[in-house]
Amino acid sequence: AAGKTIEFFESALDTGAAIVRTMPNTPAAVGRGITAAFANPHVGARQRALCQELLEAVGEVVWVDNEGLLDAVTAVSGSGPAYVFLLIECLAEAGVEAGLPADIAARLARATVAGSGELARLSSEAADQLRRNVTSPGGTTEAALGVLMADDGMLPLMRRAVEAATRRSRELAA
């Protein structure tokens, strides 16, 4: 039901229907997803708790208090797995260009992203601190981060990507 708002469902159902709109992501397929949820005012505490319990069967759950935030959730989390998979593709391809056999580059890229994600999930440290923990002054990581963190690097690129996905989510709801 991409792009279908609470208002859409309320117009199709009885007045006063309890409706929860959610945005899950594909890691739910392995029990490691995250779902953002928004409840209309007719959803009671018991219904919300039941919804929470059902959604937790496939991962974490966050509730937003403004339905409009689901567009940004879609851009960051719903579409986010594709960005991570692209990172794996790009990292593996760069490894091949640096001389690694394709199968080894792909394995290194997948395991590195999976392991880093798990470290980020389990660590109490923020992502920027985890990044600093890997970065030796004057070392190889610092050299690479100089490219990725440049004015035209990863952050502005990711901002444009999330903005495009958010905009498209809003268009689908219109």
Side-chain angles (χ1 to χ4, degrees), residues 1-91 110 112-133 148-149 151-174:
K4 302 300 183 200
T5 64
I6 294 273
E7 182 180 338
F8 170 84
F9 290 108
E10 286 175 337
S11 70
L13 300 170
D14 293 334
T15 303
I19 302 169
V20 175
R21 182 176 169 207
T22 66
M23 172 47 65
N25 65 7
T26 58
V30 294
R32 293 293 308 279
I34 187 163
T35 302
F38 172 78
N40 75 357
H42 305 294
V43 175
R46 188 167 165 258
Q47 292 166 315
R48 186 178 172 121
L50 177 59
C51 187
Q52 173 87 19
E53 183 178 344
L54 290 170
L55 293 171
E56 284 177 343
V58 295
E60 296 181 47
V61 179
V62 296
W63 291 85
V64 296
D65 59 6
N66 177 336
E67 184 180 14
L69 293 175
L70 288 179
D71 296 314
V73 166
T74 299
V76 171
S77 181
S79 299
Y83 314 153
V84 174
F85 301 143
L86 178 60
L87 173 64
I88 293 169
E89 290 176 62
C90 292
L91 190 55
R110 278 179 178 249
T112 298
V113 170
S116 299
E118 187 68 1
L119 178 60
R121 187 180 77 84
L122 295 175
S123 179
S124 62
E125 295 182 309
D128 64 328
Q129 183 59 51
L130 292 171
R131 174 183 42 80
R132 284 193 295 274
N133 293 348
L148 295 172
M149 296 175 77
D151 289 343
D152 63 345
M154 189 173 247
L155 180 58
L157 182 63
M158 192 59 68
R159 283 179 176 154
R160 289 194 315 271
V162 169
E163 178 185 327
T166 301
R167 183 174 50 252
R168 183 63 183 139
S169 181
R170 289 181 183 135
E171 290 168 359
L172 290 172

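Given the structure is predicted, the values throughout are model-derived calculations rather than measurements.
When all heavy atoms of Met23 and Leu70 are compared, the closest pair comes out as CB-CD2, 4.5 Å. For the residue pair Val20 and Cys51, the shortest heavy atom distance occurs at CG1-SG, 3.7 Å. Contact record, Val162 with Tyr83: CG2-CE1, 4.4 Å, taken as the closest heavy-atom pair. Considering all non-hydrogen atoms of both residues, Arg21 and Glu67 come closest at NH1-OE2, 2.9 Å. When every heavy atom of Pro156 is checked against every heavy atom of Gly153, the shortest pair comes out as CD-O, 3.3 Å.
Trp63 is listed as a side-chain neighbour of Val61, based on a closest heavy-atom distance under 4.5 Å. With contacts defined as side-chain heavy-atom distances shorter than 4.5 Å, the pair Leu130/Ser123 qualifies.
In this structure, Thr5 OG1 and Asp71 CG are separated by 10.0 Å, a value rounded to the nearest 0.5 Å. One distance of note links CD of Glu53 with CZ of Arg48; it measures 15.0 Å at 0.5 Å rounding. The structure places CZ of Arg110 at 9.5 Å from CD of Glu89, a figure rounded to the nearest 0.5 Å. Between Arg121 atom CZ and Glu60 atom CD the span is 7.5 Å, to the nearest 0.5 Å. Interatomic distance, OG1 of Thr166 versus CG of Leu69, reported as 10.0 Å (0.5 Å rounding). Taking OG1 of Thr35 as the start and CD of Glu56 as the end, the distance is 10.0 Å to the nearest 0.5 Å.
A salt bridge links Arg32 to Glu118: one of the charged nitrogens lies within less than 4.0 Å of a carboxylate oxygen. One finds no salt bridge joining Arg160 and Glu163 here, because no Lys/Arg side-chain nitrogen approaches an Asp/Glu carboxylate oxygen to under 4.0 Å.
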Worked check of side chain to side chain contact (heavy atoms under 4.5 Å, CB included) between Ile6 and Phe9: CA-CA 5 Å; Ile6 294 273; Phe9 290 108; 5.9 Å; no

Item checked: Test log, rule side chain to side chain contact (heavy atoms under 4.5 Å, CB included), inputs Ile19 and His42 -> CA-CA 7 Å; Ile19 302 169; His42 305 294; over 6 Å; no

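Within 6.0 Å of atom CD in Glu7, 12 or fewer heavy atoms from other residues, nucleotides or ligands are found, so the atom counts as exposed in its surroundings. Around CG of Asp128, the count of heavy atoms belonging to other residues, nucleotides or ligands within 6.0 Å exceeds 12.
The backbone N or O of Thr112 lies less than 3.5 Å from a partner atom in the side chain of Ser116, making a donor-acceptor pair. Side chain of Asn25 to main chain of Pro81: no donor-acceptor pair is present (N/O by atom type, distance under 3.5 Å, no hydrogens or angles). For Ser79 (side chain) and Thr74 (main-chain N/O), a donor-acceptor pair under 3.5 Å exists by modelled atom type. For the pair Gln129 (side chain) and Ala126 (backbone), a donor-acceptor distance under 3.5 Å is absent.
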